[in-house]
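Notes follow once the structure below has been shown.
Just so we're on the same page: letters track the sequence lines, and every chain starts at 1.
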Number of protein chains: 2
Amino acid sequence: MTVERRAGSKGARTRTAILDAAEQIMSEGGYAAVTSRSVASRVGVNAGLIHYYFPTIDDLFVALIDRGADVNTQRLARALASSKPLEALWKLNSDRRGVSVLDELMAATHHRPALREQVTAQAERLRGVELAALAELLPQYGIDVERFPPALVAATLQGVALLLARQGNLGVSTGRNDAIAAAEAAIADLEAARHTSGHS
Amino acid sequence: MTVERRAGSKGARTRTAILDAAEQIMSEGGYAAVTSRSVASRVGVNAGLIHYYFPTIDDLFVALIDRGADVNTQRLARALASSKPLEALWKLNSDRRGVSVLDELMAATHHRPALREQVTAQAERLRGVELAALAELLPQYGIDVERFPPALVAATLQGVALLLARQGNLGVSTGRNDAIAAAEAAIADLEAARHTSGHS
DNA sequence: GTCTATATTGAGATAGAC
DNA sequence: GTCTATCTCAATATAGAC
């Protein structure tokens, strides 16, 4: 369905610009604000052109999901390979714009089955990578993976960060600074206690 | 704006039915699926009537937020007063339909300023109640409130539950059962270790 | 309180010119 | 590859009959 062009061509540039605009609009005004017209006007092209690259709006959303997943795959790999993986994961998950876009995508899946499939597949794939890495890392922190399996640690890191980011986006302030400070202190403690056997 | 009627009157019943229908539709098809037509058809009335009770669709959403906050205030109070508060909070936060509705509301706030204000205010109020109660409860669990302040515990309980509920709704299965089992075991441990001084 | 009818607006999508 | 023009549909909202 989607029009593919070799990188660097004019088509590829316009296509990228459309995706960029759509993502921006989504994070600012919600997924419902992403329309052929709104995207076209931000890109500075005609509305009809959007349908040239993405025949249906669902196609646009699917492309957005795939691109986002690719970017996140790279960020995740970098975080997991860094010298302070838990801290890096925390920062990654705390990105307010990212949380905002994710919230929108989740909501969008509720009435677009095609998106639902795509989000599920990509989430499953990303989670798999993360869990495999955490299974190796957690013992280094002295974390008992029987009591705190990778899946729980991943859910905690992401869940807490998501909630606090969401509160930040909303403007909810009650206790937020306390929670952030304590979370970061706890993570710093863990990083300090980590002992990497071997010499990577 | 909104039409108020004494409880039990015909108007009050219709109004309630409209809110019920809207909430259901929102959890099934997303907030964008909530239209005067869809709500009216589910209630079994004419679309024009929706605007009699809620002049604008925003009014409907605001009423939905307020009602949801009221219900949650009661549930929260009951959970906090129960014999196993942390476990009760966990269950409360794990409600998949609730998470789904909350996700939708969050998304809806992105392009409706009136909703944003309302959600923020209600969230702030609810959080205040929860934090005050946790400040008293946590010491009973032997939790050091300096390291794990109420706001962090609240965010953790809600964040983890939200993430896992979301994965359940999506159909993401990787590691989900592990995480749930471990989370519930950890909470059970805490409840077992709790010692309530006094004789409530 | 509820309905019918309708005005208005904006969205998705397509055809065809350039 | 991009634009203009246009079709079709559905949503919000209002007016007025019953």
Look at [X] and [N] and indicate whether a side-chain polar atom (N or O) is within less than 4.0 Å of OP1 or OP2.
| X | N | result |
| --- | --- | --- |
| B:T35 | D:dA10 | no |
| A:Y52 | C:dT14 | no |
| A:S36 | C:dG12 | yes |
| A:T14 | D:dG1 | no |

Just by distance, no angles: are the side chains of [X] and [Y] close enough, under 3.5 Å, to form a donor-acceptor pair?
| X | Y | value |
| --- | --- | --- |
| A:E124 | B:T174 | yes |
| B:T16 | B:R67 | no |
| A:T56 | A:D59 | yes |

At less than 3.5 Å, do the side-chain atoms of A:R37 and the base atoms of C:dG10 form a donor-acceptor pair? no

Side chain of [X] only, heavy atoms from C-beta on: which candidate in [options] is closest?
| X | options | answer |
| --- | --- | --- |
| A:N46 | C:dA13, D:dT4, C:dG1 | D:dT4 |
| A:T56 | C:dG1, C:dA13, C:dC3 | C:dA13 |
| B:H51 | C:dT2, D:dT14, D:dT2 | D:dT14 |

Which is true for A:L49 with a 4.0 Å heavy-atom rule: it touches a base, it touches only sugar-phosphate, or it touches nothing? base

Separation of [X] atom [atom1] from [N] atom [atom2], in whole Å?
| X | N | atom1 | atom2 | value |
| --- | --- | --- | --- | --- |
| A:F54 | D:dT2 | CZ | C1' | 15 Å |
| A:I25 | C:dA11 | CD1 | P | 11 Å |
| A:I50 | D:dC3 | CD1 | P | 9 Å |
| B:I18 | C:dG1 | CD1 | C1' | 11 Å |
| A:H111 | C:dG12 | NE2 | C1' | 13 Å |
| A:R112 | C:dA11 | CZ | P | 13 Å |
| A:I57 | C:dA11 | CD1 | P | 10 Å |
| A:D58 | C:dA13 | CG | C1' | 13 Å |

Angle class for the A:Y31/A:H111 ring planes (parallel below 30°, perpendicular above 60°, tilted otherwise)? tilted

Can you confirm whether B:E117 is buried at CD, in the sense that more than 12 heavy atoms of other residues, nucleotides or ligands lie under 6.0 Å from that atom? no

Could you pick out which residue, A:S38 or A:G48, lies toward the 5' side of DNA chain C when each is mapped onto its nearest nucleotide? A:S38

